[in-house]
Number of protein chains: 2
Amino acid sequence: MERITLNQAMENHLRAIHEALETNEWATTSECARRLGISSASVTAMSKKLSRLKLVKYVPYHGVQLTKLGEKSALEIVRHHRLLELYLSEALGIPWDRVHDEAEKLEHVLSEELEERISKSLGDPTQDPHGAPIPARDGTIDHVEYRALSSVEPGETVTLLRVDDRVPEFLRYLGSMNLYPGTVMKVITVEPLGGLLALRVCDKEIVLGSQAAGMIRVTAAAKAEQRQ
Amino acid sequence: MERITLNQAMENHLRAIHEALETNEWATTSECARRLGISSASVTAMSKKLSRLKLVKYVPYHGVQLTKLGEKSALEIVRHHRLLELYLSEALGIPWDRVHDEAEKLEHVLSEELEERISKSLGDPTQDPHGAPIPARDGTIDHVEYRALSSVEPGETVTLLRVDDRVPEFLRYLGSMNLYPGTVMKVITVEPLGGLLALRVCDKEIVLGSQAAGMIRVTAAAKAEQRQ
DNA sequence: TAATATATTTAGATATGTCTAATTATTTAA
DNA sequence: TTAAATAATTAGACATATCTAAATATATTA
Ligand SMILES: [Mn+2]
Ligand SMILES: [Mn+2]
Ligand SMILES: [Mn+2]
Ligand SMILES: [Mn+2]
């Protein structure tokens, strides 16, 4: 598996593709465009380029999938990104709603030596501040089964495992209610039409909209071990 | 003094100009080209651009000087660069010969918030690992008078104040002899032709070539306070 | 001062990643 | 199954920073 030199644009696209593939079989052009904040035409151009370099399988009008080589390359960036998020949060005290944007810039200029020292100084962690798994040095990554909180039935008790890290206001809102990865919560009621969710967390009642609940991933708490 | 958005190329040029102006009245095209590792033609193009933006005074065939605005902008990058060098060295243990190249990449993606937290965590330092002054938040910077070690007369005792940070092999060599900013040294002899320099440092004798001595800046030790 | 060497600029080209508008393909709804 | 809506691609353009080669200016030497 040959070594390929990636530039910033390629790295951004690869990470976007990787993250799109966490929930879908194909990374569609428009999904990548949305994640990257660029036009679909630009994504198509990059899909062709990455395909030429054997980093993705590109099927016109369907989208892309990562090849083995592309997966490996993407995981290197993802590792950079998530290690940085944790380092910024733990070592420098940057609030969890701002680490994503910082990491997005730093991930491209992190040398392997610096990556290694950051990882060591954090004790080779396996989770970023939002509950996403940090790929290991060797390119392996935990594969956790999640459910969206919005799909949980009333009466169930679940553990918060992971939250979407891209919307600062959302993260600040969660933080204000002390909803972090590891938090155990019981779903009390689900509004039939709007999907409004009432939760009990440590004897306090919290109400979440369906959009917020869709950005929160949990697992069944019965078998779910406490984490963090 | 209006605020200007700089991109990476502009930042690199401004820092190169600033550093060239530490020893010369004009930053010449070829000096900037050498520092940046690009062609003179490219430097000319950027000089025009920076001139149009009122960041430099550009006199064709002579070079550039920083305007007030350009000086302020350059000092922001220099602050990023030197703070990062110190942080990488102190907080992450990266050897002093490798921090320059790392900082060169990181300096462009350091947010003001991150800069501030790094500075705080280091106790708002005023010197980088190579003895260069770190500009303060407000854009002020220490102005120290240096002499090149190569211009010191035999018999004089001087204190090492600052070394060129761009050549890793040179820095490793200095490190192997324990020559760091703050080290006091006595010049024993100077070879008349080659400029070979014999020094006494802590009762050990060290011989330096003229090129190395030219990259080391010192001050007269009689009135020079011990530093670091 | 004139000739030569060196430094700088100009002209023209290239690589890259992005855009908009127009076209084409796919999916959804009637 | 056709028509309409949505998604993706193509074509063509643009901004940017770099390059090389040729032309021109400045500095140095004879
Ligand atoms: Mn993130
Ligand atoms: Mn990024
Ligand atoms: Mn440096
Ligand atoms: Mn740089």
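Reckoned from all heavy atoms, side chains included, excluding hydrogens, waters and symmetry mates.
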Could you tell me whether E71(A) and K68(A) make a salt bridge, using a distance below 4.0 angstrom between a side-chain N and a carboxylate O?
no
How close or far is atom C1' of dG17(C) from atom CG of L6(A), stated in whole angstroms?
15 Å
Could you please name the option among dT8(C), dT18(C), dA17(D) that lies closest to any side-chain atom of M46(B)?
dA17(D)
Rounded distance (Å) that lies between atom P of dT9(D) and atom CD1 of I38(A):
13 Å
Could you give the distance from CG (L179(B)) to CG (L199(B)), rounded to the nearest 0.5 Å?
7.0 Å
For DNA chain C, which residues in residues 9-28 of chain B have a heavy atom at a distance below 4.0 Å?
T28(B)
Rounded to the nearest 0.5 Å, what separation is found between the CD atom of E104(B) and the CZ atom of R15(B)?
4.5 Å
Strictly below 4.0 Å: does Y58(B) bring a side-chain N or O up to OP1 or OP2 of dT9(C)?
yes
Give, for atom CG of D164(B) and atom NE2 of H130(B), the distance between the pair rounded to the nearest 0.5 Å.
9.0 Å
What I want to find out is whether R147(A) reaches E156(A) closely enough, with some N-O distance under 4.0 Å, to be called a salt bridge.
yes
Applying a 4.0 Å non-hydrogen cut-off, can you work out what S39(B) is touching in the nucleic acid: base, sugar-phosphate, or nothing?
base
How many whole angstroms separate atom NE2 of H62(B) from atom P of dT9(C)?
10 Å
T29(B), nearest nucleotide to its side chain (from dT8(C), dA8(D), dA17(D))
dT8(C)
dT16(D) phosphate, OP1 or OP2, under 4.0 Å from N7(B) side-chain N/O:
no
Atom pair distance, as rounded to whole Å: OH in Y61(B) and C1' in dA7(C):
9 Å
Residue S42(A), side-chain heavy atoms: nucleotide from dA21(C), dA8(D), dT18(C) that is nearest:
dT18(C)
Before you tell me yes or no, could you show the steps for K57(B) and S51(B) under side-chain contact (heavy atoms from CB on, under 4.5 Å), namely the whole-Å CA-CA distance, both residues' side-chain angles and the distance that decides it to 0.1 Å?
CA-CA 6 Å; K57(B) 177 166 92 178; S51(B) 174; over 6 Å; no
Check E85(B) with R98(B), please: is the shortest side-chain N to carboxylate O separation under 4.0 Å?
no
Between the protein and nucleotides 1-4 of chain D, list every N/O to N/O distance that falls short of 3.5 Å.
none

Side-chain atoms of K49(B) come closest, of dT18(C), dT18(D), dA17(D), to dA17(D)
Any salt bridge between R82(B) and E19(B), counting N to O under 4.0 Å?
yes
Contact nearer the 5' end of DNA chain C, comparing P60(B) with A45(A)
P60(B)
When rounded to whole Å, the CZ to C1' distance for the pair R52(B) and dA17(D) reads 13 Å
What's the separation between atom OG in S47(A) and atom CG in L55(A), rounded to the nearest 0.5 Å?
11.5 Å
Just checking H80(B) against H108(B), ring centres under 6.0 Å apart?
no
Would you please confirm or rule out a distance under 4.0 Å between OP1 or OP2 of dT9(C) and any side-chain N or O of K48(B)?
no
Which whole-number value in Å describes the distance from L36(A) CG to dA8(D) P?
14 Å
